[in-house]
Amino acid sequence: MNLAITDVRLTPILVADPPLLNTQGVHQPYTPRLIVEVETADGVVGVGETYGDTKYLELARPFARRLIGRPVSDLNGLFTIADQVAVDSSRISGQVDVGGLRGVQTADKLRLSVLSGFEVACLDALGTSLGLPVHALLGGKVRDTVEYSAYLFYKWAAHPEGAPGEADDWGAATDPAGVVAQARRFTERYGFTSFKLKGGVFPPDEEIAAVRALAAAFPGHPLRLDPNGAWSVATSLRVAKELGDVLEYLEDPALGTPAMAEVAAATGVPLATNMCVTTFAEIQEAFTRGAVQVVLSDHHYWGGLRNTQQLAAVCRTFGVGVSMHSNTHLGISLAAMTHVASTVPNLHHACDSHYPWQSEDVLTERLTFDAGKVTVSDAPGLGVELDRDRLAFLHRRWLDDDGTLRDRDDAAAMRVADPHWVTPSVPRW
């Protein structure tokens, strides 16, 4: 068996995204993703997926060159390679990560997001070579299925007239009735039993009404609300008081650890985050100040599946809950999320996933939800197969783009409908 990496292929793509609203604007008609393939001397190919914006591509290319000749099993060596890849700090200085909404961008955050795609590809190739599923390489699964939550969004019926985009059959959801109708479709199609609403779009009283409507329509079901740090401490506390009897947790109501700590100290509603704790360096302040009670991991943020396990262990040590955050992603990432989630003992909350919103994929067969859960694959590697025709089609879309859509920008997408739109300052309310 020869595990040496002989080839690395990077394929940037643009995938259709519905007009989902958030506090920064609206999802653009197509979002960039990067598909990573590593091939060993034995001809085994492993696949990974991560962000495809220009700044990630610029790091992925030199990273890929440094992989050639290294064993696919050298997972720790990926971090050494990441440290060797230079980042043009002038391009990210002071910028906020718009797509992931995880605070100010840093060189290390970019490196970890790029590394994550390569680590998953290497694990997929290694597992395939050894005849073992990825979860076995991570120590073995502790559950056979992983539960996911319906990810509800305020949504337009279609992208603005004149903008590109693909039609969808979800319809609009801009009021409580629309949100409940959307939730019902999620339950009918995928069997989800918990619900998360992306907030920060409308004034808090309107979003309180939407959550109340969900609670009435789905009594006893876990509910979450995530305004992406759009509220002041006072507003956060008011919403927590109004919804404290129905929320499983309130996610990132206020921006930053100090504000979250202030909210947490004055309410009994658990606070979750994927914004103020996205690196190991941010854990100490957040945990010692009691700012968060649930960390929403994301292997794209944290540098892969093994780092996700390390995060879960730290959370367990401090008595902090753990679940998973999701950004726009395809089936490769959902498979990776499911494998690592199956190995985490202290995963007590359903994970997030955008996957039901994505009408396009690069796999020969889409992953499926049954009763809101994904079955953990026991096939070698990730247990997925790349559809090269679909990959080529989505790459051609990327090649044909004039550069407008190659970097996700929700505010720019909103300006197509409202030329005067400016990303709101925080707190918005």
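When reading the values below, keep in mind they use all heavy atoms of this one structure, side chains included, and skip hydrogens, waters and symmetry mates. Being a predicted model, the structure only gives us computed values, none of them experimental.
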Trainee: Please determine if Arg224 forms a cation-pi arrangement with Phe195, meaning its NZ or CZ atom is less than 6.0 Å from the six-membered ring centre and no more than 45° off the ring axis.
Mentor: no
Trainee: Would you indicate whether the side-chain heavy atoms of Val322 and Arg316 approach each other to under 4.5 Å?
Mentor: no
Trainee: Tell me, do Val36 and Leu34 make a side-chain contact under 4.5 Å, heavy atoms counted?
Mentor: yes
Trainee: Just by distance, with hydrogens left out, do Ser333 and Glu49 show a side-chain donor and acceptor under 3.5 Å apart?
Mentor: yes
Trainee: If you draw a 6.0 Å radius around CG in Asp370, do more than 12 non-hydrogen atoms from other residues or ligands fall strictly inside?
Mentor: no
Trainee: To the nearest 0.5 Å, what is the distance between CG (Leu296) and OH (Tyr301)?
Mentor: 9.5 Å
Trainee: If the test is side-chain contact (heavy atoms from CB on, under 4.5 Å), which one of Thr338, Thr375, Val340, Val344 qualifies with Val146?
Mentor: Thr338
Trainee: Judged by atom type as modelled, is there a donor-acceptor pair below 3.5 Å linking the side chain of Gln28 to the main-chain atoms of Asp409?
Mentor: yes
Trainee: Trp357 vs Phe186, test: ring-ring contact (aromatic ring centres under 6.0 Å, His included). Steps then yes/no.
Mentor: CA-CA 10 Å; Trp357 288 112; Phe186 266 100; 5.4 Å; yes
Trainee: Applying side-chain hydrogen bond (donor to acceptor under 3.5 Å, both in side chains), which residue pairs with at least one partner in residues 120-138 are found, sequence neighbours left out?
Mentor: His135-Asp378
Trainee: Could you go step by step and tell me if Val142 and Thr343 meet the side-chain contact (heavy atoms from CB on, under 4.5 Å) rule?
Mentor: CA-CA 5 Å; Val142 297; Thr343 71; 5.8 Å; no
Trainee: Can you run down the ring-ring contact (aromatic ring centres under 6.0 Å, His included) pairs that involve residues 368-394, sequence neighbours left out, and say none if there aren't any?
Mentor: Tyr148-Phe369, Tyr190-Phe369, Phe192-Phe369
Trainee: Mark yes or no for whether Ser113, through its side chain, and Leu110, through its backbone, hold a donor-acceptor pair below 3.5 Å.
Mentor: no
Trainee: Pair Lys55, Asp407 - check salt bridge (charged side-chain N to carboxylate O under 4.0 Å, His left out), show working.
Mentor: CA-CA 8 Å; Lys55 55 183 173 286; Asp407 293 289; 5.1 Å; no
Trainee: Between Glu37 and Arg388, is a salt bridge (charged side-chain N to carboxylate O under 4.0 Å, His left out) present by the stated rule, with each step listed?
Mentor: CA-CA 12 Å; Glu37 298 176 73; Arg388 296 201 171 277; 2.5 Å; yes
Trainee: Is Asp168 close to Ser359 at the side-chain level, that is, under 4.5 Å between some pair of heavy atoms?
Mentor: no
Trainee: Step by step, work out the side-chain hydrogen bond (donor to acceptor under 3.5 Å, both in side chains) result for Glu166 and Tyr30.
Mentor: CA-CA 9 Å; Glu166 308 299 315; Tyr30 300 102; 2.3 Å; yes
Trainee: With a 4.0 Å cut-off on N to O distance, would you call Asp53 and Arg33 a salt bridge?
Mentor: no
Trainee: Under 3.5 Å, is there a donor-acceptor pair between the Thr273 and His325 side chains?
Mentor: no
Trainee: Give the C-alpha distance, both sets of side-chain angles, the deciding distance and a yes or no for side-chain hydrogen bond (donor to acceptor under 3.5 Å, both in side chains) between Tyr355 and Asp361.
Mentor: CA-CA 9 Å; Tyr355 192 62; Asp361 205 347; 2.5 Å; yes
Trainee: Measure from the side-chain N and O atoms of Trp156 to the backbone N and O of Leu21, and report whether any donor-acceptor pair falls under 3.5 Å.
Mentor: no
Trainee: Could you give me the CA-CA distance, side-chain angles and deciding distance for Phe287 and Val314, then say whether side-chain contact (heavy atoms from CB on, under 4.5 Å) is met?
Mentor: CA-CA 10 Å; Phe287 286 13; Val314 175; 4.2 Å; yes
Trainee: Report yes if the side chains of His339 and Ser377 come closer than 4.5 Å at any heavy-atom pair, otherwise no.
Mentor: yes
Trainee: For atom CD of Gln284, is the number of surrounding heavy atoms from other residues, nucleotides or ligands below 6.0 Å larger than 12?
Mentor: no
Trainee: Does either side chain, that of Ser194 or that of Glu248, offer a donor lying less than 3.5 Å from an acceptor on the other one?
Mentor: no
Trainee: Could you check whether any side-chain N or O of Thr278 sits under 3.5 Å from a backbone N or O of Asn274, counting only pairs where one atom can act as donor and the other as acceptor?
Mentor: no
Trainee: Using atom types as modelled and distance alone, determine if a side-chain donor or acceptor of Ser232 lies under 3.5 Å from a backbone N or O of Pro427.
Mentor: no
Trainee: Any carboxylate oxygen within less than 4.0 angstrom of a Lys/Arg side-chain nitrogen, looking at Arg238 and Asp205?
Mentor: yes
Trainee: Between Trp302 and Phe280, does the ring centre distance come in under 6.0 Å?
Mentor: yes
Trainee: Between Phe153 and Trp170, is the ring centroid distance below 6.0 Å?
Mentor: no
Trainee: Decide, yes or no, whether a salt bridge links Lys198 with Asp226 under the criterion of side-chain N to carboxylate O below 4.0 Å.
Mentor: yes
Trainee: For Ala341, is there any backbone N or O sitting under 3.5 Å from a side-chain donor or acceptor partner on Arg143?
Mentor: yes
Trainee: With a 4.0 Å cut-off on N to O distance, would you call Arg408 and Asp17 a salt bridge?
Mentor: no
Trainee: For the backbone of Val320 and the side chain of Gln293, can you confirm whether one donor and one acceptor N or O come within less than 3.5 Å of each other?
Mentor: no
Trainee: In terms of side-chain geometry, is the basic nitrogen of Asp144 or Lys141 positioned less than 4.0 Å from the acidic oxygen of its partner?
Mentor: yes
Trainee: Would you say Asp298 and His300 are linked by a side-chain donor-acceptor pair, where the criterion is simply a distance under 3.5 Å?
Mentor: yes
Trainee: Is there side-chain contact between Pro424 and Gln24, with at least one heavy-atom pair below 4.5 Å?
Mentor: no
Trainee: With no hydrogens and no angle check, is any side-chain donor or acceptor of Thr23 less than 3.5 Å from a backbone partner on Gly200?
Mentor: yes
Trainee: Please indicate whether Lys373 has more than 12 foreign heavy atoms, meaning atoms of other residues, nucleotides or ligands, lying under 6.0 Å from its NZ.
Mentor: no
Trainee: Would a distance-only check, ignoring hydrogens and angles, find a side-chain to backbone donor-acceptor pair under 3.5 Å from Glu282 to Thr279?
Mentor: yes
Trainee: Is the shortest side-chain N to carboxylate O distance from Asp169 to Arg189 below 4.0 Å?
Mentor: yes
Trainee: Could you check whether any side-chain N or O of Thr317 sits under 3.5 Å from a backbone N or O of Ala313, counting only pairs where one atom can act as donor and the other as acceptor?
Mentor: yes
Trainee: Cut-off 3.5 Å, side chains only: do Thr54 and Glu58 have a donor facing an acceptor?
Mentor: no
Trainee: Considering non-hydrogen atoms only, spot the tightest contact between Val8 and Ala64 and give its length.
Mentor: CG1-CB, 3.6 Å
Trainee: Any heavy-atom pair between the side chains of Met337 and Leu305 that's under 4.5 Å?
Mentor: no
Trainee: State whether a side-chain donor-acceptor pair under 3.5 Å links Thr364 with Asp387.
Mentor: no
Trainee: Please find the pair of heavy atoms, one from Gly290 and one from Ala264, that lie closest to each other, and give the distance.
Mentor: O-CB, 3.3 Å
Trainee: Please step through side-chain contact (heavy atoms from CB on, under 4.5 Å) for the pair Val239 and Thr235, ending with a clear verdict.
Mentor: CA-CA 6 Å; Val239 175; Thr235 298; 4.3 Å; yes
Trainee: Could you tell me if Arg111 sits above the aromatic ring of Phe63, with its cationic atom closer than 6.0 Å to the ring centre and no more than 45 degrees from the axis?
Mentor: no
Trainee: How many angstroms lie between CG in Asp252 and CE in Met275, if you round to the nearest 0.5 Å?
Mentor: 5.0 Å
Trainee: Do Glu242 and Arg212 pass the salt bridge (charged side-chain N to carboxylate O under 4.0 Å, His left out) test, and can you show the C-alpha distance, the side-chain angles, and the key distance before you say yes or no?
Mentor: CA-CA 9 Å; Glu242 292 279 349; Arg212 279 290 173 197; 5.8 Å; no
Trainee: Measuring only between side-chain heavy atoms, which start at C-beta, is Pro270 closer than 4.5 Å to Leu250?
Mentor: no
